[in-house]
Amino acid sequence: MAAMAAVTLALVGFFGFVIMRVTTPPMATLFTDLSYEDSSAIIKDLERQGIPYEMKNDGSVIQVPKDKITRLRMKLAEGGLPKGGGVGYEIFDKSDALGATSFVQNINHLRALEGELARTIKAIDRIQAARVHLVLPERPLFSRETPEPSASIVLRVRGQLEPQQVRAIRHIVASAVNGMKAQRVSIVDENGQLLANGAAGDSAGDISGDERRAAFEKRLRDQVEGIVSSVVGSGRARVQLSADFDYNKVTQTSDKFDPEGRVLRSSQSREESSASTNTNDGQVTVNNELPGNSGNTAGSTPKDQSKKSEEINNYEISRVTKTEVTEAGRVNRISVAVLVDGSYTKNDKGEVVYAPRTKEDLELIGTLVRSAIGFDEKRGDQVQVVNLKFAESPSLIPAEAPKGLLGMFQFTKDDIMYFIELGVMLILGIIVVFMVVRPLLKRVLAADPAAAPEVAALPALPEAPVAPVNPQPQLAGSATAQMIDVAQVQGQVHAQSVHRVGELAERNPNETASIIRQWLAEPA
């Protein structure tokens, strides 16, 4: 009897587990990497709403029914959960200002500033978590120089951050801390990759030449691949783009003179006139040589007379000075190679047939590519579009998505795993029923001839008097009445046998238990 009870309890427990496992909704992760404060607040809210949950990894992971994740995340976000584990300026709300020392106040201010910056950085797209460390040195005594503050930031991101996002984070931190420069902020992701160097000589806005070239090539490659894939199909085009950059910074100064653009700056005029003395026919006399004697002027003529004019004009010539500064990183040349696959159609036999692209299609694709990259022939740009058959050709032409009733049976990976789990549970239940329950029921309900000698060895009991059977008048030719009489007699005999077996079991419990153990030990 004890073995039967144990087997019954085991079966009840097994089927109870199967029923609970089948009826329990599938659980999915609500949040991960939670702090104890966030876990406590989220669990309290879930219990208030009466939603079942599971905790893993010491409370850092919380799981809820899969069909309620979206609604719960929106509801918790409305309440500001999770907070991210950082401590902001709310640290001063419950602090005792009277008993706090200046050292404790400074530490709390630093913690609050780091927490607020971490929350601000987490608001940026693609950033899951952020941790900020600030170094705010004090100026030493009797020193005129103040050490510059610095910061280090560790980020956990989804995908990859753009260079402008990294620069934005550096400027956010530098603007929030007094006296900090953006070039003094170091940024590292969760993989240990250095996103921004905090060295003193690093410029906040500069990007390395390789990063600029890689970003430029990626942007153009995505544009070209997107426009080509829309024509030939997704995955049926390969684009390789190479850009030649000139990283030399050139400063050029040129002077240009315009001879037609003259301007009078200064003008100077000078005029001179002179005449020689008169002579008397060239005769020299005493009277002529005496002082004060004008002599006879009659018949005298001037010997020489001259006049001179001079004019000086100074002009200013028009001059243009032009200084050109060519920054580093200009594009010298762009080379694009586009490989496209042909088209695939089905023939009358249902086989997939490959057909190459026509020359007109390749020329049109080349025109689109040249327009997308800003093709400049003078710069030496090159664009090559080639049609070749891909090694991995599609085995089937993409069919339309099933509509109607068939569209409802598009199961996800989680649905398939759930159905597999249900199938395994069903198979285990069938095995238990046929290998355990069925043999037990068969032994209990059916008489076992091998137990007859054991029963005969027990003390004989006086046979119970057989109740007289009142024969009923049989109807001649009525087979139904005869069958009823036989069934009544057999039922009375069976009841008497069961009654006697029960009396034997009550009088001899040890022997009865040994007989049942023997039955259980025999093969089914």
Side-chain angles (χ1 to χ4, degrees), residues 148 162-168 170-171 174-175 181-185 196-197 199-224 227 239-276 304-338 363 366-385:
E148 294 183 358
E162 299 293 336
Q164 57 267 23
Q165 291 178 314
V166 176
R167 294 196 299 273
R170 301 182 75 179
H171 283 282
S175 301
K181 298 180 180 179
Q183 59 264 29
R184 297 285 294 171
V185 180
N197 185 9
D202 185 24
S203 177
D206 291 344
I207 306 176
S208 65
D210 293 338
E211 292 178 355
R212 179 178 299 181
R213 181 174 56 83
F216 180 80
E217 291 179 351
K218 182 178 182 301
R219 179 173 61 84
L220 287 186
R221 183 167 56 249
D222 293 341
Q223 293 178 357
V224 173
I227 194 172
V239 179
Q240 292 294 332
L241 187 143
S242 177
D244 183 15
F245 274 70
D246 187 2
Y247 298 107
N248 296 324
K249 184 177 180 180
V250 179
T251 302
Q252 184 178 3
T253 303
S254 60
D255 294 336
K256 184 178 180 181
F257 296 91
D258 186 8
E260 301 296 332
R262 296 181 301 170
V263 178
L264 181 62
R265 185 179 64 177
S266 62
S267 178
Q268 182 179 2
S269 299
R270 181 180 179 184
E271 184 175 353
E272 296 180 356
S273 61
S274 61
S276 61
D304 188 10
Q305 186 178 4
S306 65
K307 187 177 182 180
K308 181 179 179 183
S309 297
E310 182 180 356
E311 183 178 0
I312 300 174
N313 294 326
N314 294 325
Y315 292 92
E316 195 71 44
I317 300 176
S318 176
R319 176 184 178 184
V320 177
T321 302
K322 184 178 181 181
T323 302
E324 295 181 353
V325 179
T326 304
E327 295 293 339
R330 62 183 181 275
V331 180
N332 288 337
R333 186 180 59 182
I334 299 176
S335 301
V336 184
V338 181
E363 291 179 354
T367 303
L368 293 176
V369 173
R370 283 189 287 269
S371 300
I373 66 172
F375 182 82
D376 187 359
E377 186 176 359
K378 297 180 179 179
R379 192 172 54 185
D381 295 348
Q382 294 181 356
V383 174
Q384 294 292 335
V385 181

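We count residues from 1, following the sequence as given. In what follows, every heavy atom counts, from backbone to side chain, and hydrogens, waters and symmetry copies are set aside.
- If you take CD on Glu311 and CD on Glu271, they are separated by 11.0 Å, rounding to the nearest 0.5 Å.
- Enclosure of atom CD in Glu377 is not indicated, since only 12 or fewer non-hydrogen atoms of other residues, nucleotides or ligands lie within 6.0 angstrom.
- Contact record, Val224 with Ala372: CG2-CB, 4.3 Å, taken as the closest heavy-atom pair.
- Within the structure, salt bridge (charged side-chain N to carboxylate O under 4.0 Å, His left out) pairs that include any residue of residues 312-323 comprise Asp255-Arg319, Arg265-Glu316, Lys322-Glu324 (at least two apart or interchain).
- Separating the CD1 atom in Ile227 from the CG atom in Leu368 is a distance of 4.5 Å, to the nearest 0.5 Å.
- Rounded to the nearest 0.5 Å, atoms CD (Glu162) and CZ (Arg167) are 10.0 Å apart.
- Residues satisfying the side chain to side chain donor-acceptor pair (under 3.5 Å) test with Asp246, not counting sequence neighbours, are Asn248, Arg330.
- A search for side chain to side chain donor-acceptor pair (under 3.5 Å) contacts involving Arg333 returns nothing, not counting sequence neighbours.
- Qualifying side chain to side chain donor-acceptor pair (under 3.5 Å) partners for Ser309, counting only residues two or more places apart in sequence or in other chains: none.
- Under a 3.5 Å cut-off, the side chain of Gln223 and the backbone N or O of Ile373 do not form any donor-acceptor pair.
- To the nearest 0.5 Å, the span separating CD on Gln183 from CG on Asn197 amounts to 11.0 Å.
- Under the side chain to side chain donor-acceptor pair (under 3.5 Å) criterion, Arg379 pairs with Asp381, not counting sequence neighbours.
- Residue Ala196 comes nearest to Val166 through the heavy atom pair CB-CG1, 3.9 Å, listed as atom of the first residue, atom of the second, then distance.
- The two atoms that bring Lys249 and Val325 nearest to each other are CE-CG1, 3.9 Å, heavy atoms only.
- Of all heavy-atom pairs spanning Ser242 and Glu217, the tightest one is CA-OE2, 3.7 Å.
- The 12-atom threshold is not exceeded at CD of Gln384, counting heavy atoms of other residues, nucleotides or ligands nearer than 6.0 Å.
- Minimum heavy-atom separation, Ile312 to Glu310: CD1-OE2, 3.8 Å.
- Pairing each heavy atom of Arg270 with each of Glu272, the nearest pair is NH2-OE2, 2.6 Å.
- Heavy atoms of other residues, nucleotides or ligands lying less than 6.0 angstrom from CD of Glu363 number more than 12.
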Criterion side-chain contact (heavy atoms from CB on, under 4.5 Å) on Phe245 and Asn332, from CA distance to verdict
CA-CA 6 Å; Phe245 274 70; Asn332 288 337; over 6 Å; no

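- Not counting sequence neighbours, Phe375 has no partner by the ring-ring contact (aromatic ring centres under 6.0 Å, His included) test.
- Between Asp258 and Ser318, the side chains place no donor N or O within less than 3.5 Å of an acceptor N or O (distance only, hydrogens not considered).
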